[in-house]
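Chain letters run A, B, ... following the sequence lines, proteins first and then strands; every chain starts at 1.
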Amino acid sequence: AQSVTQLGSHVSVSEGALVLLRCNYSSSVPPYLFWYVQYPNQGLQLLLKYTSAATLVKGINGFEAEFKKSETSFHLTKPSAHMSDAAEYFCAVSADTGRRALTFGSGTRLQVQP
Amino acid sequence: GAVVSQHPSWVICKSGTSVKIECRSLDFQATTMFWYRQFPKQSLMLMATSNEGSKATYEQGVEKDKFLINHASLTLSTLTVTSAHPEDSSFYICSARPRENMNTEAFFGQGTRLTVV
């Protein structure tokens, strides 16, 4: 069984400020972890993924995330927020075996204030 | 990059009618595709796993006679919402993973907004 908890359904930051979106996971097998971004009425775009290689993962648009096994966390960060970063962000987990369907967190809506 | 296309992007139908949503992998083959449902301001919930050449695997609580899934080829899966009702109104998203590399991420379609009136 696997699950994802995203702390904070809404996060608001000022433009240029640090973005930190929290994700904790639970998995009975070694996990694959993902962060996706969703803009209104659109599908999901992959930001980055962890697949048991480097624990610090760099993604698109300046985002990165660090896999911390001891804390069962995979928090998403970006040093400087841009207005275009305003969107819904989903953390997801899948097992590295089997059919590998994704289990999503509840999502975090990021607002960027000018 | 791998592209997954969903059609239609949005559809409005009358109660009692059926609606078919297509999910196509445009530049890769997918043995397995996944169908998700997303209610407004909520997360994605897995509905079913679509398996090419065999029956779909449905998640607990999802009516298989209501949501018919067909995976007729390695590039196409369809979801048919039968006898649609207003409570079926939702955002439906499919995803697919390339058959030749199961270690890659799943690629998502752009979603289909279904409104039943």
Can you tell me if Lys20(B) has over 12 outside heavy atoms packed within less than 6.0 Å of its NZ?
no
May I ask whether Met45(B) and Trp35(B) are part of the same hydrophobic cluster, defined by side-chain heavy atoms of I, L, V, M, F, W, Y residues being less than 4.5 angstrom apart, directly or through others?
no
Under 4.5 Å between side-chain heavy atoms, counting indirect links through other Ile/Leu/Val/Met/Phe/Trp/Tyr residues: same cluster for Val19(A) and Val57(A) or not?
yes
What part of Gln38(A) gets within 4.5 angstrom of chain B, counting heavy atoms only: side chain, backbone, both, or neither?
side chain
Quick check on Leu44(A) against chain B: is it the side chain, the backbone, both or neither that has a heavy atom closer than 4.5 Å?
both
Cluster check Tyr32(A), Tyr50(A): I/L/V/M/F/W/Y, side chain < 4.5 angstrom
no
Is Phe34(B) linked to Leu46(A) within one hydrophobic cluster, defined over Ile, Leu, Val, Met, Phe, Trp and Tyr using a side-chain heavy-atom separation of less than 4.5 Å?
yes
Residue Ile93(B) versus chain A: region with a heavy atom under 4.5 Å:
side chain
Here the pair of heavy atoms bringing Phe90(A) nearest to Gln42(B) is CZ-O, 4.0 Å
Whether Tyr36(A) side chain and Phe108(B) backbone form a donor-acceptor pair below 3.5 Å:
no
Please look at Gln6(B) and chain A and tell me whether the side chain, the backbone, both or neither of the residue comes under 4.5 angstrom of a heavy atom of that chain.
neither
CD-CZ distance between Gln42(A) and Arg113(B), expressed to the nearest 0.5 angstrom:
11.5 Å
Between OG on residue Ser94(A) and CZ on residue Arg97(B), distance to nearest 0.5 Å:
5.5 Å
For the hydrophobic clusters of this structure (ILVMFWY residues joined by side-chain heavy atoms under 4.5 Å, transitively), does one cluster hold both Phe34(A) and Phe63(A)?
no
With side chains defined as the heavy atoms from C-beta onward, is the minimum distance between Leu102(A) and Tyr36(B) less than 4.5 Å?
yes
Note: Ser43(B) and Phe104(A) closest approach over all heavy atoms is OG-CB, 3.3 Å
